[in-house]
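Read the structure below first, then the notes.
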2 protein chains.
Amino acid sequence: MTRRTRGTSAGLDRARIAAAAVALVDRDGLDRFGVRRLADELGVDPMSIYHHLKGKAALLDAISEAVIAEMEAGAEEAPHDWEQVARQTAHNYRQVAYRHPRVFPLLATRPQNSPVALAALEHLVAAMRQAGLPDRVAADAPMALFGFLNGYLLAVLSGGPGGPAIDATAYPTMAALAPLQADFGSAAEFDRLLDAVLSGIRDQAARQATH
Amino acid sequence: MTRRTRGTSAGLDRARIAAAAVALVDRDGLDRFGVRRLADELGVDPMSIYHHLKGKAALLDAISEAVIAEMEAGAEEAPHDWEQVARQTAHNYRQVAYRHPRVFPLLATRPQNSPVALAALEHLVAAMRQAGLPDRVAADAPMALFGFLNGYLLAVLSGGPGGPAIDATAYPTMAALAPLQADFGSAAEFDRLLDAVLSGIRDQAARQATH
DNA sequence: CAGTGAAATCTACGCCGTAGGTTTAAGAAG
DNA sequence: CTTCTTAAACCTACGGCGTAGATTTCACTG
């Protein structure tokens, strides 16, 4: 199990590397992730990776893309109600996030240009348009929805249950409401907040339809 | 301008270090930020910094805290309408984000436990409660609002105008709506999306009040 | 004027990303 | 069957990083 010989194939390719990278980040976290550790995991020289992905940034893109691609599996086909589409997409996204909590900051931080991501957006926006929502609203909705999803999931996944219990005398209202945050990160909380965002979008549609 | 002598004070303290760090990230970006570069900037040995902030993580916390603290300046006093409070807070937050676009990922990524951040939340939640909103809604609102703010601003600030114009044949609806995204990142867009989120919260309040 | 403690520097270690060069094996051309 | 080409992998080396630990110096305090 020492070293590989020089000219022999190690069976590396983008997909295999990305999969190993995702597993590594899942296990050790983003901070500890690096080209050398990944190479170790693959039983390969660090520089070999550079023949398939040039640079660490490309590696991070590949990780993000691979994780996003997992959404495809759970994608139901052709429900025409735009709210159903939005809810479905949101839940798929949340599930992926919970499956890879330590990868998620990458998703929220880096622009998503992969086909899978764009297809999801296209699907959502198409459903909204077909439902007769104003173009302005359909155009805005993805930013509103994924803005919320990214920010919320970031907070839930990175924050854990939260820091050191809030100071009741300095922040009385927050302290009083603390018990209500017992379900922090739960599916129920997610559904409530998602409902709020979606009804906000519905509202905009109603308001802009009258003019 | 060579080296300092060993025992003499360099006038370092948390605040001075944090200020220099913010300036450095503003200038060079998060990737290029590091203890050694910061020390150079301060005309000081790298290890000197460790007497005031132990470790790079603490340094990043200090940066985040210092930037958040800028919100205080713009905080208007005691408007009692919760929506005004929410809007005011959101706009202050946005302005800070635009003033320090390269720092912002830190704000969105790290838990905010600083007094300034907690005070802003307390202020908002108190206004909602005083307006008679259900506790459930008041407790949920910060997550909904700041989730959206973090995710949206992250996308706007990191993404720039966006990648390489979308493929019109693969994603026809997105392409059709592209012209409407001309104001990407504008104050107008921000106001529209913020309106949506706030009316979503209002909606939840109405729905839960009737029970 | 000795003693103490804090603030700063110095040294050194192990790790990182990656540029550039070298080796090998496999497939194409003759 | 030989030679050429090429791609995949490895090796070496460099500069930079975060930080543990030891050391120096100054400002106070008694």
Side-chain angles (χ1 to χ4, degrees), chain A residues 1-65 102-103 105-106 109-110, chain B residues 1-25 27-64 102-103 105-106 109-110:
Chain A
M1 196 47 198
T2 58
R3 289 291 137 160
R4 301 197 59 273
T5 46
R6 240 171 166 169
T8 73
S9 163
L12 285 186
D13 61 9
R14 229 189 104 99
R16 248 177 66 78
I17 295 174
V22 169
L24 188 53
V25 174
D26 279 345
R27 167 147 54 81
D28 295 347
L30 269 175
D31 291 347
R32 302 216 173 280
F33 174 77
V35 182
R36 288 175 136 101
R37 298 177 107 96
L38 176 58
D40 268 13
E41 209 70 14
L42 288 163
V44 135
D45 184 274
M47 293 314 284
S48 300
I49 294 173
Y50 278 70
H51 277 262
H52 304 269
L53 293 158
K54 45 179 177 183
K56 192 183 186 180
L59 216 41
L60 296 177
D61 283 340
I63 291 177
S64 154
E65 189 181 327
R102 322 183 86 157
V103 174
L106 280 184
T109 294
R110 307 175 89 76
Chain B
M1 195 47 199
T2 59
R3 289 292 136 155
R4 302 198 57 270
T5 46
R6 237 170 167 169
T8 72
S9 164
L12 286 186
D13 60 10
R14 230 189 102 99
R16 247 177 66 79
I17 294 174
V22 169
L24 188 52
V25 174
R27 167 149 52 83
D28 295 346
L30 268 176
D31 290 348
R32 302 216 173 280
F33 174 78
V35 181
R36 289 172 134 101
R37 297 177 107 96
L38 176 57
D40 268 12
E41 209 70 15
L42 287 162
V44 135
D45 184 273
M47 294 313 284
S48 300
I49 294 172
Y50 279 69
H51 277 262
H52 304 270
L53 293 160
K54 44 179 176 182
K56 192 183 187 181
L59 216 40
L60 296 177
D61 283 339
I63 291 176
S64 154
R102 321 183 86 156
V103 174
L106 281 184
T109 293
R110 308 176 87 77

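Heavy-atom basis, side chains included; hydrogens, waters and symmetry copies ignored.
Nearest nucleotide to the A:D45 side chain, out of D:dC11, C:dT11, C:dG17: D:dC11. Listed nucleotides C:dG17, D:dT19, D:dA9 differ in distance to A:Y50; the shortest reach to its side chain belongs to C:dG17. The side chain of B:K56 approaches D:dG18 more closely than any other nucleotide in the set D:dA8, D:dG18, C:dT18. Nearest nucleotide to the B:H51 side chain, out of C:dT18, D:dT19, C:dA8: C:dA8.
Rounded to whole Å, the distance from CG on A:D31 to C1' on D:dT19 is 15 Å. Going from atom CG of B:D13 over to atom C1' of C:dA8 covers 14 Å, rounded to whole Å. Here D:dA9 presents its C1' atom at 19 Å from NZ of A:K54, a figure rounded to the nearest Å. For the pair A:R36 CZ and D:dG16 C1', the interatomic distance rounds to 12 Å; values are reported in whole Å. C:dC16 atom P lies 12 Å from atom CG of A:L38, rounded to whole Å. In this entry the distance linking CZ of A:F33 with P of C:dC15 reads 18 Å, nearest Å. One atom, CG of B:L42, and another, P of C:dA8, lie 10 Å apart when rounded to the nearest Å. Counting to the nearest Å, the C1' atom of C:dA6 and the CG atom of B:L53 are 16 Å from each other.
Side-chain contact between A:L38 and A:F33 is present, with at least one heavy-atom pair separated by less than 4.5 Å. Counting only heavy atoms from C-beta outward, the side chains of A:D61 and A:L53 never approach each other to under 4.5 Å. The closest side-chain heavy-atom distance from A:H51 to A:L12 is not below 4.5 Å.
Contact annotation for A:R37: backbone-only contact, meaning every heavy-atom pair under 4.0 Å involves sugar-phosphate atoms and none involves a base.
Closest-nucleotide positions on DNA chain C for B:I49 and A:M47 were compared, and the one nearer the 5' end corresponds to B:I49.
Applying the 4.0 Å criterion to OP1 and OP2 of D:dA7, one finds that A:H52 has every side-chain N and O outside that range.
Applying the salt bridge (Lys or Arg N to Asp or Glu O under 4.0 Å) test to A:R37 and every residue at least two apart in sequence or in another chain returns nothing.
In this structure, A:R27 places its CZ atom where more than 12 heavy-atom neighbours from other residues, nucleotides or ligands lie under 6.0 Å away.
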